[in-house]
Amino acid sequence: MTPSYDVVLVGGGGAGLRAAIAIAETNPRLTIAVVSKVYPMRSHTVSAEGGAAGVIAPDDSIDEHIYDTISGGDWLCDQDAVEAFVHEAPQELMRLEHWGCPWSREPDGRVAVRPFGGMKKMRTWFAADKTGFHMLHTLFQTSLKYGGVTRYDEWFVTRLLVDDGRVQGVVAIDLKSGRVEAITAKAVILCTGGCGKVFPFTTNAAIKTGDGMTLAYRAGAPLKDMEFVQYHPTGLPFTGILITEAARAEGGYLINKDGYRYLQDYNLGTPQPHPVFRSMELGPRDRLSQAFVKEMEKGRTIETPYGHVVHLDLRHLGEKKINAKIPFVRELCTKYQNLDPVRDLIPVRPVVHYMMGGIHTDIHGATPLPGLFAAGEAACVSINGANRLGSNSLPELLVFGARAGRAAAEYASQAREVDPRVIAQKTDEHRRLEQELFGRKGRERIATLRDEMQKTMEASAGIYRAAPALRQGVAELQRLQERYADIAIEDHSRTFNTERVSALELSFLLDVAQSMLAAALAREESRGAHQRTDFPKRDDQRFLAHSLVSRNADGSCRVEHRPVTITRWPPGERVYGEAAPHGTAHQAADRPLSSGAGV
Amino acid sequence: MEQTHTYGDTPYHPRWLRRRVSTYWWLWKPAYLRFILREGSCMFVGWFTVYLLLLLAALLEGPLAYELFLAWSATPAVLIVNVVTLGFVVFHAITFFQAAPQAMVVRLGRARVAPQTVLLGHYAGWVVVSAVVAFFLLGA
Amino acid sequence: MLRRHPEPLLWMLFSAGGVVSGMLMPVLVLLFGVAYPLGVVDAPTYDGLRALVANPIAALVLFTLCALSFLHWAHRFRHTLYDGLQIKHLNEVIAVVSYGVALVGSGVAAYLLWQLS
Amino acid sequence: MAQRIRLQIARYRPEQESEATFDEYEVPYTKEMAVLDGLNFVKDRLDGTLAYRWSCRMGICGSCGMTVNGEPKLTCATFLGDYAPGPLRVEPLRNFPVIRDLIVDIGDFMRKLVRVKPWIVRSAEKPIAGGEYLQTPEQLEEYKPFSMCINCMLCYSACPIYGLDPKFIGPAAIALAQRYNLDNRDEGSADRMEVLSEHEGIWGCTFVGECTKVCPKHVDPAGAIQRYKLTAAIDSMKAFFAPRGA
Ligand SMILES: Cc1cc2nc3c(=O)[nH]c(=O)nc-3n(C[C@H](O)[C@H](O)[C@H](O)COP(=O)(O)OP(=O)(O)OC[C@H]3O[C@@H](n4cnc5c(N)ncnc54)[C@H](O)[C@@H]3O)c2cc1C
Ligand code: SF4
Ligand code: F3S
Ligand code: FES
């Protein structure tokens with residue numbers, strides 16, 4: 001018997017779980033399945049460290065958060081989406097407080113907030129520096145309360161069931177037994193997270209392989225703004241483990257090999273002993289990562305066996321503050337870098353961190369494909385535009401997870417029953433999986449292809465890009481796609497066949513990579529995280545627009561552009577440092593900050 | 001309200017490998033052995049309680065029985081048992097007191113008393129009690 | 001709400017027994033088990049000791065020590081058999097026997113101390 | 001240049017064998033490499049059939065727990081260099097059924113977790129517009145350590161009592177129950193008491209204490225259980241002396 005639900009959620013991370021709870025609360029009679037390739041609490045949301053933005057401080061305002069987000073995104077954000085997001089974020093974070101999230105507090109018991117990069121006010125809620133971990137576990141544990149949620153833990157979705165232009169479920173492998181099953185539903189929400197594993201050096205976990213993006217793309221939904229990949233300026237060399245922006249928000253300095261706070265040379269303000277909003281180390285991530293590359297070109301970075309680095313200096317913060325505010329940073333440095341930030345400089349370098357682009361959705365999380373919804377990092381609504389501000393992603397999971405959940409619930413309440421004929425597609429998929437992954441004796445190692453893809457992407461679509469390298473990358477990816485047809489799978493077991501999973505993930509990654517290069521080639525301007533050396537200026541005339549990549553029948557990409565939604569904030573110049581953006585509401589506060597005294 | 005949860009996964013598969021814990025699991029690593037010795041200390045606590053009852057019985061019977069008891073207690077077998085018992089009851093006392101701070105949170109007003117302080121408190125109590133007992137017995 | 005399980009009570013007695021025996025026993029074993037027999041110090045005289053145990057406070061302390069120590073033993077003994085030797089099918093028998101022994105032991109202690117007072 | 005270390009890795013291929021065996025591989029290592037990097041080297045270059053779980057490689061997702069030289073460890077936070085010159089034995093976590101190679105089934109824990117109601121229970125919920133429940137940093141500190149559990153299952157693997165009696169609810173689930181009990185926003189401790197005061201709840205634990213020793217996140221489940229026993233005992237004493245009151 002094929003299990004059938006009203007809504008199937010793919011992904012048990014922050015977005016997926018929030019959506020599941022939203023559905024259960026909207027209509028307790030709906031049946032919900034959460035399908036996830038790892039146990040939900042292992043989802044990558046668990047790694048998020050710094051915090052989640054939501055206007056709560058008395059001196060803050062909704063408009064300021066909107067403006068910071070839009071300017072941070074270099075005016076590529078849809079402003080209606082940003083408005084909805086900023087309005088709902090505080091409520092969502094508050095809801096999480098009511099569900100038990102251990103937010104750090106002020107001495108009087110209220111929730112504390114801290115400054116964050118690109119933000120003009122203190123509005124980042126945090127749970128020390130394990131914010132994502134606490135949010136995910138709170139959501140997961142709270143989701144256990146709802147009897148209507150059936151979980152498919154460690155089930156790997158390989159395909160969407162589409163019939164009659166309508167998405168009606170998924171096909172998934174139960175990893176423990178290896179059996180392939182259809183799980184049908186009136187609506188499907190993809191919350192599968194990002195795709196950092198397209199690149200060699202990333203903060204992202206092994207599971208971030210863009211599965212949902214490719215699932216949607218193959219089913220006919222377009223991917224939006226795929227050229228915008230965020231590099232985080234401070235990753236540990238070798239592992240790529242993230243040192244959260246909170247380390248800079250609490251007062252850390254970035255210094256080059258001469259001990260010089262080099263950001264002052266890149267239009268990011270003048271150094272002050274204490275952090276200043278939207279200035280120096282609290283500039284946006286795209287600018288900081290770009291500054292690193294320039295600094296490296298000037299020969300002022302430090303060479304290590306794992307590439308060039310600069311130093312993050314936290315020593316002046318003192319042991320007490322480090323332990324209270326960023327204990328995980330200390331733990332990670334001690335464990336993985338064998339140094340103690342209380343006494344030592346931390347070597348850091350830019351690292352692929354976040355995908356601004358994703359499955360194209362409207363502000364309710366609906367994709368153009370009826371029955372298909374998406375939320376979280378897998379989706380692109382878009383509130384992040386050309387560069388996401390730190391601490392905007394976690395609240396995005398909540399706001400748009402909940403929105404997608406409600407929209408899907410409503411859709412499912414009215415949708416026709418699932419057409420039993422879609423189940424036949426399971427047989428096709430089953431056959432494909434058997435033939436592609438068990439039937440054939442290939443020669444190519446999965447790891448080799450993956451390494452080559454990652455190298456290709458770094459070479460052609462790194463922090464700075466240009467047409468020749470991008471074209472070369474496109475050609476190389478094409479060759480890798482062909483070689484993929486000849487991969488070797490040594491593992492013939494059906495029980496927990498992780499090699500088969502790696503092969504499927506690689507194929508998802510390859511498609512995502514192709515869409516990124518296609519979109520990057522088509523965007524002949526520089527904006528936010530997308531910097532073309534051959535088109536160094538922003539070009540609002542041609543490219544104040546989202547790129548939409550669709551898949552042609554032969555597997556090639558088609559890129560279109562569609563205008564950005566502008567409501568009240570006409571495109572302006574992005575200014576960081578002391579030169580404040582115009583208007584009283586957008587004044588950069590040139591005063592020292594200190595975040596809440598709570599732990 | 002009863003929570004009924006359904007799971008998509010296989011609850012148990014006969015092919016999964018289930019390994020029984022060996023009867024000698026406590027020999028696997030030093031910490032387990034220490035645990036078993038700690039638990040085993042109860043046998044010595046029990047033995048010494050019986051020993052005390054024998055002493056009381058001797059006292060009740062009269063001076064001669066008391067002398068016999070003392071003589072018996074000096075026989076090598078009993079002496080050896082009691083030396084071992086001493087080791088175990090000291091071990092018992094230490095492990096039991098060590099566990100105390102983990103089990104209880106002592107508060108003075110709003111502040112939580114540091115675990116080390118709780119532990120020290122126990123040791124101090126131990127010293128005082130031992131001194132009092134010794135004082136009376138050595139004076140008797 | 002009254003609990004069906006006797007566990008909390010038994011655990012409480014076990015813990016109390018652990019503390020009392022931990023506090024009192026080492027010095028008693030040292031004196032009665034080792035120091036007197038070896039002649040390191042002189043054993044108390046019959047009359048002296050008798051007078052001491054006749055003291056109501058001393059008798060109470062001794063009774064508490066014996067009863068709780070027995071219960072401490074019973075509790076640990078039961079769990080060790082249960083976990084260490086994995087004979088859980090005999091769990092009930094073991095429980096009845098060990099706590100039974102402890103109760104009998106406590107009774108004997110009470111009787112002796114009563115007679116001595 | 002790079003030194004090499006031998007890994008003896010437990011294999012269990014349910015379709016082919018009924019017992020676990022060991023395969024040996026030699027991998028190069030540098031001082032930065034974790035045991036997990038060694039396994040990845042084996043999988044990527046030497047033997048694609050090796051099965052194990054991992055994801056975050058930063059000690060927070062809780063999926064890479066295995067037995068390394070007899071001790072339960074997070075393999076992404078345990079370094080090859082510390083075991084040089086080897087050989088190093090990597091086995092699945094003990095006390096759980098092995099599904100395949102280094103992968104164990106933790107379904108039992110997932111079901112137990114639900115039973116202890118690890119969520120905020122309240123008789124009346126405050127509306128969102130009403131703002132946050134106040135919680136001072138001291139009140140936060142009361143339960144915070146118990147909220148750090150990453151469900152890595154190292155404690156279950158180290159607890160002999162769980163190995164002997166799979167019905168025992170076990171360290172992490174009890175610590176998580178205690179996490180909510182001690183949260184000043186929660187009112188569910190009486191509900192949780194019913195499950196935890198069963199014989200297989202807190203009373204099954206004989207305070208071996210290994211759970212706390214192996215916990216990579218300093219959760220102290222042994223302490224949680226002991227404290228809970230004390231609360232439960234005091235509670236039932238109160239009930240005994242004032243049967244109907246309160
Ligand atoms: C190290 C790090 C630190 C960060 N810190 C911050 C921060 O401080 N503030 C902030 O706002 N943001 C932060 N971010 C970004 C943020 O954490 C992520 O964008 C966000 O967690 C993504 O959540 P998600 O729910 O979309 O996806 P995820 O949490 O990644 O979940 C994806 C889910 O999809 C499932 N899945 C995927 N593919 C399949 C498939 N084929 N079949 C079945 N299931 C599948 C997975 O099992 C998983 O459950 C950080 C990111 C990283 C990497
Ligand atoms: S209590 Fe510690 S060892 Fe146990 S599951 Fe949680 S984090 Fe892991
Ligand atoms: S190891 Fe086990 S017996 Fe108790 S103290 Fe920890 S749960
Ligand atoms: S891989 Fe996530 S904890 Fe080790």
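Reminder, nothing fancy here: chain letters follow the sequence lines and each chain counts from 1.
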Between Phe496(A), Trp99(A), Phe328(A), Phe140(A), which has the largest tally of heavy atom pairs under 4.5 Å with chain D?
Phe496(A)

What residue in Thr448(A), Thr138(A), Ile207(A) has the most heavy-atom pairs under 4.5 Å with chain D?
Ile207(A)

Return the set of residues passing ring-ring contact (aromatic ring centres under 6.0 Å, His included) with Phe109(D) (not counting sequence neighbours), or none when no residue passes.
Tyr156(D)

Given that the side chain runs from C-beta out, which part of Val111(A) has a heavy atom under 4.5 Å from chain D: side chain, backbone, both or neither?
both

Quick check for you: among Lys130(A), Gln91(A), His44(A), His134(A), which has the greatest number of heavy-atom pairs under 4.5 Å with chain D?
His134(A)

Out of Ile241(A), Thr142(A), Asn204(A), return the one with the most heavy atom pairs under 4.5 angstrom to chain D.
Ile241(A)

If we count only N and O atoms by modelled type, under 3.5 Å, do the side chains of Lys43(D) and Ser502(A) hold a donor and an acceptor together?
no

In terms of heavy-atom proximity below 4.5 Å to chain D, should His492(A) be classed as side chain, backbone, both, or neither?
neither

Relative to chain D, which segment of Arg110(A) carries a heavy atom at a distance below 4.5 Å: side chain, backbone, both, or neither?
both

With sequence neighbours left out, what residues match Phe79(D) under ring-ring contact (aromatic ring centres under 6.0 Å, His included)?
Tyr336(A)

Please flag which part of Thr202(A) lies under 4.5 Å from any non-hydrogen atom of chain D: side chain, backbone, both or neither.
backbone

Whether Arg95(A) and Glu132(D) form a salt bridge (side-chain N of Lys/Arg under 4.0 Å from carboxylate O of Asp/Glu) is what I want to check.
no

Just checking, is any N or O donor in the side chain of Ser493(A) or Glu15(D) under 3.5 Å from an acceptor N or O on the other one?
yes

